[in-house]
Amino acid sequence: MSSSPPTLEELAPRSEDEVREHLAAGKLVEGLQHMSPEYLKGIRRILTVSADTELISAPAYLRAAQHAPALNNFGSAISIIQDELAHAHIGYSLLADLGVDTNALIYEREPGAFKYPYAFDVALDSWYEMVLANALYDQAGFVLLSDVHQSSTFGPWKRALAKVDKEETFHLRHGRTWVKKLCADPRDKRELQRSLDWMFILTLEWFGLPDAQKRHGIQLEYGFKGMTNDELRQTWMAAVVPFMEDVGLDVPAHHDAEQDRYVIDCPFPTRFDAEAKRWMLDEGPTSWDEVLVRWKGRGPMNRDYVTRLQRGYRERCEATA
Ligand SMILES: [Fe+2]
Ligand SMILES: [Fe+2]
């Protein structure tokens, strides 16, 4: 018989004012003893998004790694996957310390309830897409986690991210080295461009709703993140757009010197045909409400990837039931 899990109020003893005072004094939050229910709820949410993203990247990258041109390239991809699983482990372990039943969270949750970015729901089907995922998705992960590393008020996560940041740097360097190398061959370059056409815009979406439509409130106030969605998107474009321009690949964004910011040159957000991996740019921009519906419905690979991750646990449970 299972007893009901403790409530946020039972786990987190401090009031919101006490947390604010603690943070105003420049102190980090080290565990439940320093948390209020709101803080606990917020940090659980952002840790879940982060751990889910790391975890789902493993089956997504494994699928793409099978297209590695040689065995040692497959080995590099596998070592990246290993890193991602370790990153996921860090997130879920911290969640366990915060009173979350992580077996239920990882192995018993419905695929549709996972909280990673929609981009991972779209299959990576070639080595081109593997290395572009490193150059684009790992860059997005790096931007987000560097921000958390700098601004997080949750000490245990902040410290753990020092290691994660270094490994993400390796992943995106792997992507960039390969993109550069493949661009030397016209046929490879054309293939890269075809994949970049859908993957670039999908990564723009990664950072979520524009600031004008989203209130961050507590996320910024409690220091779960330091930058807003638009600032994070700008930081990502500042890293990716000049690189793609250097290697001669086209992206629908450019730096506007007058405004000193990156500007998106295609309808955004816009409709996406996930099966064909194609943006319906001719139809013009759509609303973020429609994008939210697509995200909520999840994409083609969601069930496949999550089922794969949960299979061993489920089989063992069934065998011992
Ligand atoms: Fe990672
Ligand atoms: Fe990574």
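Being a predicted model, the structure only gives us computed values, none of them experimental. Both counts, for ligands and for their atoms, begin at 1 and track the order of listing. All values below come from the heavy atoms of this structure, side chains included, with hydrogens, waters and symmetry mates left out.
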Quiz item: Hey, are Asp197 and Gln193 close enough side-chain-wise for a donor-acceptor pair under 3.5 Å?
Solution: yes

Quiz item: Any side-chain heavy-atom pair from Ile78 and Tyr61 closer than 4.5 angstrom?
Solution: no

Quiz item: If you look at Asp138, which of its N/O/S atoms is nearest to the Fe ion (ligand 2)?
Solution: OD1

Exercise. With the Fe ion (ligand 2) as the reference point, give the N/O/S atom of Glu84 that is nearest.
Key: OE2

Practice problem: Name the orientation class of the two ring planes belonging to Phe114 and Tyr116 (parallel below 30°, tilted from 30 to 60°, perpendicular beyond 60°). | Solution: tilted

Exercise. With the Fe ion (ligand 2) as the reference point, give the N/O/S atom of Glu168 that is nearest.
Key: OE1

Quiz item: Does some side-chain heavy atom of Met35 sit less than 4.5 Å from a side-chain heavy atom of Leu98?
Solution: yes

Quiz item: Taking the six-membered ring for Trp, are Tyr137 and Phe120 ring centroids under 6.0 Å apart?
Solution: yes

Quiz item: Tell me, which N, O or S atom in His87 is closest to the Fe ion (ligand 1)?
Solution: ND1

Practice problem: Tell me, please, if Glu54 has any N/O/S atom, main chain or side chain, under 2.8 Å from the Fe ion (ligand 1)? | Solution: yes

Practice problem: Quick one: report the N, O or S atom of His171 that is nearest to the Fe ion (ligand 2). | Solution: ND1

